[in-house]
Amino acid sequence: MNINTNYLKLKDGYLFARIAKAVGEHKEKNPDSEIIRLGIGDVTLPLSNTVTKAMQSAVSEMGNAETFKGYGDYEGYMFLRQAICGYYVGKGVTLQTDEIFVGDGAKSDIANMLDIFSPENTVLIPNPVYPVYVDTNIMSGRRIVYMNGNADNDFKPLPDKNIKADIIYLCSPNNPTGAVYTREELTLWVQYALENDAVILFDSAYEAFIQDKTLPTSIYQIERAKECAIEFCSLSKTAGFTGTRCGYTAVPKELFRSSESLNKLWLQRQSTKFNGVSYIVQRGAQAVFSQDGFDEVMKSVTYYMNNATIISDTLTKLGISYTGGRNAPYIWLRCPGDMQSWEFFDKLLAEANIVGTPGAGFGANGEGYFRLSAFGKREDVSEAMIRLKRLV
């Protein structure tokens with residue numbers, strides 16, 4: 001019996017597990033310290049009233065023989081897929097219900113989507129990047145080529161005609177940098193994918209946080225994107241489903257590679273390996289897209305974006321350069337005094353009891369940078385900025 005030795009090529013420990021260990025050790029040495037966590041992007045506001053009422057009603061249904069639900073459709077219940085399609089209509093995008101697949105979050109689907117692709121494919125990944133993109137491809141033994149995101153290109157790398165890739169990862173708004181691609185920039189990526197017979201895996205988990213109405217919130221707002229892109233979205237940050245778990249993936253039926261429908265392959269994968277999200281959670285997710293539910297959810301989004309503004313304004317006053325914070329809930333800042341990422345992490349934790357995320361954990365181009373999350377409580381964010389001013 002042999003193990004998958006690709007796992008041995010991974011860095012020792014997941015980024016956020018390493019952070020948690022460091023925070024635990026600090027707390028053990030300083031039990032009275034009041035730590036403010038602006039690191040991992042977990043939400044702090046509760047589910048909305050409309051969502052919880054829908055879930056409570058669904059619980060009652062599950063306790064009644066006449067309304068009890070067993071296994072659902074592998075793609076997700078029709079009522080939720082119809083609601084998601086209706087949401088896309090508001091973006092000017094038409095999708096069919098059999099192009100929508102309900103899952104337990106964008107992270108899972110982004111990782112599992114690799115099942116339908118050959119391990120011989122070359123993967124193009126931005127750097128810095130959300131670690132899951134890299135680690136899941138290392139696990140499956142694919143060749144990875146990195147595209148450099150840096151201050152010169154506002155952390156939005158564009159296609160290089162000298163690079164040939166089969167799978168392309170794009171995230172907009174970006175995690176960790178908060179950068180958002182314009183319509184013109186995404187058009188360049190769609191053209192590149194079509195010319196190279198490549199597939200774009202487009203992570204739009206933070207699309208609801210885009211404030212600038214001129215910026216695209218779906219890659220399908222770009223002409224011919226349905227021929228080359230799969231889009232992933234999540235209710236984790238938008239609607240507070242980090243602990244409830246629900247997201248969705250769009251795989252257009254126009255998307256073929258090697259004369260095979262990727263929509264059909266993904267359905268085969270899901271029906272073989274995944275039994276779906278619970279009925280109760282899907283009823284809650286449906287409520288997100290109702291008028292009352294959406295209004296409540298957007299109030300939470302506004303709350304977090306106001307947090308982002310507090311952080312951004314503080315950094316501006318301190319003369320610290322950053323991206324994000326205007327159309328994304330993450331703020332990507334240059335470490336003060338040319339400190340290294342983990343050096344600043346240690347200083348911030350030890351001297352201000354603030355937890356952030358070292359940029360180096362997102363790739364080599366993240367060295368010297370630091371990510372702060374706007375998903376905290378208002379009083380914590382405000383207090384953290386007071387501490388940061390004192391420290392800097």
Side-chain angles (χ1 to χ4, degrees), residues 14-27 30 33-46 128 130-131 155 171 173-179 205-206 208-209 236-238 240 242-243 300-337 339-362 366-392:
Y14 186 53
L15 169 62
F16 297 107
R18 180 178 173 183
I19 291 173
K21 181 180 178 181
V23 173
E25 292 173 349
H26 174 77
K27 189 68 176 176
N30 305 275
S33 61
E34 296 182 4
I35 297 175
I36 297 177
R37 301 172 188 268
L38 301 180
I40 190 168
D42 197 2
V43 295
T44 51
L45 295 177
Y130 182 42
F155 292 96
C171 180
N174 185 270
N175 178 15
T177 69
Y206 302 95
F209 294 89
S236 289
K237 312 303 167 61
T238 304
T242 52
S300 295
V301 169
T302 299
Y303 178 93
Y304 292 131
M305 289 309 298
N306 286 339
N307 283 349
T309 298
I310 292 172
I311 298 172
S312 299
D313 289 348
T314 300
L315 296 177
T316 298
K317 292 176 182 177
L318 292 173
I320 298 173
S321 62
Y322 64 92
T323 59
R326 302 303 181 190
N327 292 290
Y330 293 123
I331 297 88
W332 180 252
L333 62 105
R334 182 72 185 175
C335 295
M339 279 187 279
Q340 298 292 288
S341 296
W342 282 102
E343 180 186 4
F344 185 56
F345 171 87
D346 291 337
K347 184 178 181 65
L348 204 58
L349 179 59
E351 300 182 26
N353 288 310
I354 299 173
V355 180
T357 310
F362 298 101
E367 183 57 86
Y369 287 87
F370 203 78
R371 192 193 77 174
L372 292 176
S373 165
F375 290 117
K377 296 178 181 178
R378 178 64 46 76
E379 56 269 26
D380 288 343
V381 171
S382 298
E383 172 62 23
M385 292 304 99
I386 292 173
R387 296 181 188 180
L388 182 63
K389 288 177 183 177
R390 293 172 181 164
L391 181 66
V392 174

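Keep in mind that what you see is a predicted model, and the values were worked out from it rather than measured.
When ring centroids are compared, Y369 and F155 come within the 6.0 Å threshold. Between Y330 and Y206, the distance from one ring center to the other falls under 6.0 angstrom.
For the pair M305 and N327, the tightest heavy-atom approach, listed with the atom from each and the gap, is CE-N, 4.1 Å.
Taking the charged nitrogens against the carboxylate oxygens, E343 and K347 have no contact shorter than 4.0 Å, which rules out a salt bridge. Salt bridge annotation for D42-K377: absent, with no cationic side-chain nitrogen under 4.0 angstrom from a carboxylate oxygen.
Between the side chain of Y322 and the main chain of T316, no donor-acceptor pair closer than 3.5 Å is present. Between the side chain of T323 and the backbone N or O of A179 there is no donor-acceptor pair closer than 3.5 Å. The backbone N or O of G361 sits nowhere less than 3.5 Å from a side-chain atom of S341 that would complete a donor-acceptor pair. With T44 contributing its side chain and F375 its backbone, the two residues share a donor-acceptor pair below 3.5 Å. Proximity of a side-chain donor or acceptor of K237 to a complementary backbone N or O of V43 within less than 3.5 Å is not detected. R387 places no side-chain N or O within 3.5 Å of a backbone atom of E351 that could act as its donor or acceptor partner. R371 places a side-chain N or O within donor-acceptor distance of the main-chain N or O of G39, the cut-off being under 3.5 Å.
Within a 6.0 Å radius of CD in E34, other residues, nucleotides and ligands contribute 12 heavy atoms or fewer.
A donor atom on one side chain and an acceptor atom on the other are not found under 3.5 Å apart for S373 and Y304.
A tilted orientation is assigned to the rings of F370 and F345, their planes being inclined by 30° to 60°.
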